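Every heavy atom of this structure was used, including side-chain atoms; hydrogens, water molecules and symmetry mates were not. Note that the structure is a prediction, hence the values are computed from the model and not measured.
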Amino acid sequence: MSIRLGDIAPDFEQDTSTGRIRFHEWLGDSWGILFSHPADFTPVCTTELGFTAKLKDEFAKRNVKVIALSVDPVDSHLKWIGDIEETQGTQVNFPIIADADRKVSDLYDLIHPNANDTLTVRSLFIIDPNKKVRLIITYPASTGRNFHEILRVIDSLQLTDNYKVATPANWQDGEEVVIVPSLQDPEELKQRFPKGFRAVKPYLRLTPQPNR
């Protein structure tokens with residue numbers, strides 16, 4: 001099964017390091033990040049889970065729940081969590097799915113034969129409160145994820161869901177945004193963007209971030 005942007009994230013019931021969950025029920029009305037790891041006790045993933053734990057407050061203020069996945073069983077996860085907390089100086093504050101039967105991995109297409117026919121690839125999904133998949137990134141084993149970029153994408157998605165804007169290259173929260181080309185009515189433009197805008201080209205109009 002191949003998941004595309006805009007698809008409903010597959011629901012599942014599975015054991016985790018914090019108990020058994022049903023995914024959609026666990027998400028509730030929150031945004032979600034589901035990210036996979038090839039196996040427990042892997043070096044890059046150890047740093048990633050530690051850094052994710054340190055971002056607890058950043059995820060909370062964006063109404064985001066985080067959940068990780070590995071094909072190893074719960075008892076292995078619990079031992080790995082001990083290593084993560086010891087080496088990364090933090091407390092793991094999110095569940096790690098124990099996907100020993102590969103059920104979730106198959107649902108999310110995380111087993112790639114050209115990578116390894118038993119271990120998951122390192123994919124990350126951002127899921128909105130309507131359970132739609134909004135972002136998919138797959139990383140090579142050698143490269144750790146950039147969680148600052150993931151927070152930036154969440155900021156962009158949450159902003160552009162509420163205003164008729166898009167975010168330009170390298171945008172950071174608080175910077176100018178792009179007015180969508182479909183918005184042409186002058187009165188609506190005044191109403192939506194009271195601070196005005198500058199037209200670099202007719203199709204490229206920049207305005208201060210609306211929710212600031």
Report the distance from atom [atom1] of [X] to atom [atom2] of [Y], rounding to the nearest 0.5 Å.
X      : Y      : atom1 : atom2 : result
Ser30  : Asn63  : OG    : CG    : 4.0 Å
Phe197 : Leu189 : CZ    : CG    : 5.0 Å
Arg145 : Ile150 : CZ    : CD1   : 7.0 Å
Lys103 : Leu107 : NZ    : CG    : 8.0 Å
Leu159 : Asp173 : CG    : CG    : 7.5 Å
Ile154 : Ile126 : CD1   : CD1   : 4.5 Å

Check whether [X] reaches the backbone of [Y] with its side chain - one donor and one acceptor, N or O, closer than 3.5 Å.
X      : Y      : answer
Trp171 : Glu175 : yes
Arg102 : Ala100 : yes
Thr87  : Asp83  : yes
Ser17  : Ile96  : yes
Asp72  : Asp99  : no
Arg192 : Ile179 : no
Asn130 : Lys132 : no
Asn93  : Gln91  : yes
Ser156 : Arg152 : no
Arg205 : Arg198 : no

If you define the side chain from C-beta out and look only at heavy atoms, does anything of [X] sit under 4.5 Å from [Y]?
X      : Y      : answer
Ser142 : Val44  : no
Trp31  : Ile127 : no
Phe94  : Lys65  : no
Gln209 : Val165 : no
Asn211 : Asn162 : no
Ser70  : Pro38  : no

Quiz item: Is atom CG of Asn170 surrounded by more than 12 heavy atoms (other residues, nucleotides or ligands) closer than 6.0 Å?
Solution: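 Counting other residues, nucleotides and ligands, CG of Asn170 stays at 12 neighbours or fewer.
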Quiz item: Is Gln191 atom CD crowded by more than 12 heavy atoms from other residues, nucleotides or ligands, each under 6.0 Å away?
Solution: no
Quiz item: In terms of side-chain heavy atoms, does Ser123 have a donor or acceptor partner in Ser36 at a distance below 3.5 Å?
Solution: no
Exercise. Using only heavy-atom distances, determine whether the side chains of Asp155 and Gln172 contain a donor-acceptor pair under 3.5 Å.
Key: no
Quiz item: Between Leu27 and Lys131, does a side-chain contact (heavy atoms from CB on, under 4.5 Å) hold up when you go through it step by step?
Solution: CA-CA 8 Å; Leu27 272 179; Lys131 311 301 184 289; 3.9 Å; yes
Quiz prompt | Leu151/Phe59 under side-chain contact (heavy atoms from CB on, under 4.5 Å): CA gap, chis, key distance, verdict | solution = CA-CA 8 Å; Leu151 289 172; Phe59 289 126; 3.7 Å; yes
Exercise. Test Glu85 against Thr90 for side-chain contact (heavy atoms from CB on, under 4.5 Å), laying out the working first.
Key: CA-CA 5 Å; Glu85 294 181 342; Thr90 189; 5.6 Å; no
Quiz item: Is the gap between the ring centers of His148 and Phe51 under 6.0 Å?
Solution: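 Yes, close enough.
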Quiz item: Less than 6.0 Å separating the ring centroids of Phe125 and Phe35?
Solution: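 No, the ring centres sit 6.0 Å or more apart.
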Quiz item: Would you call Arg134-Asp161 a salt bridge at under 4.0 Å N-O?
Solution: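 Salt bridge: yes.
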Quiz item: Between Glu188 and Lys164, is the closest basic N to carboxylate O distance under 4.0 Å?
Solution: yes
Exercise. Apply the salt bridge (charged side-chain N to carboxylate O under 4.0 Å, His left out) test between Glu58 and each candidate in Lys54, Arg62, Lys56; give the one that qualifies.
Key: Arg62
Quiz item: Should Ile33 and Val104 be counted in the same cluster of Ile, Leu, Val, Met, Phe, Trp and Tyr side chains packed under 4.5 Å apart?
Solution: no
Exercise. Could you check His77 against Asp40 for side-chain contact (heavy atoms from CB on, under 4.5 Å), going step by step and ending with a plain yes or no?
Key: CA-CA 7 Å; His77 287 355; Asp40 293 354; 2.7 Å; yes
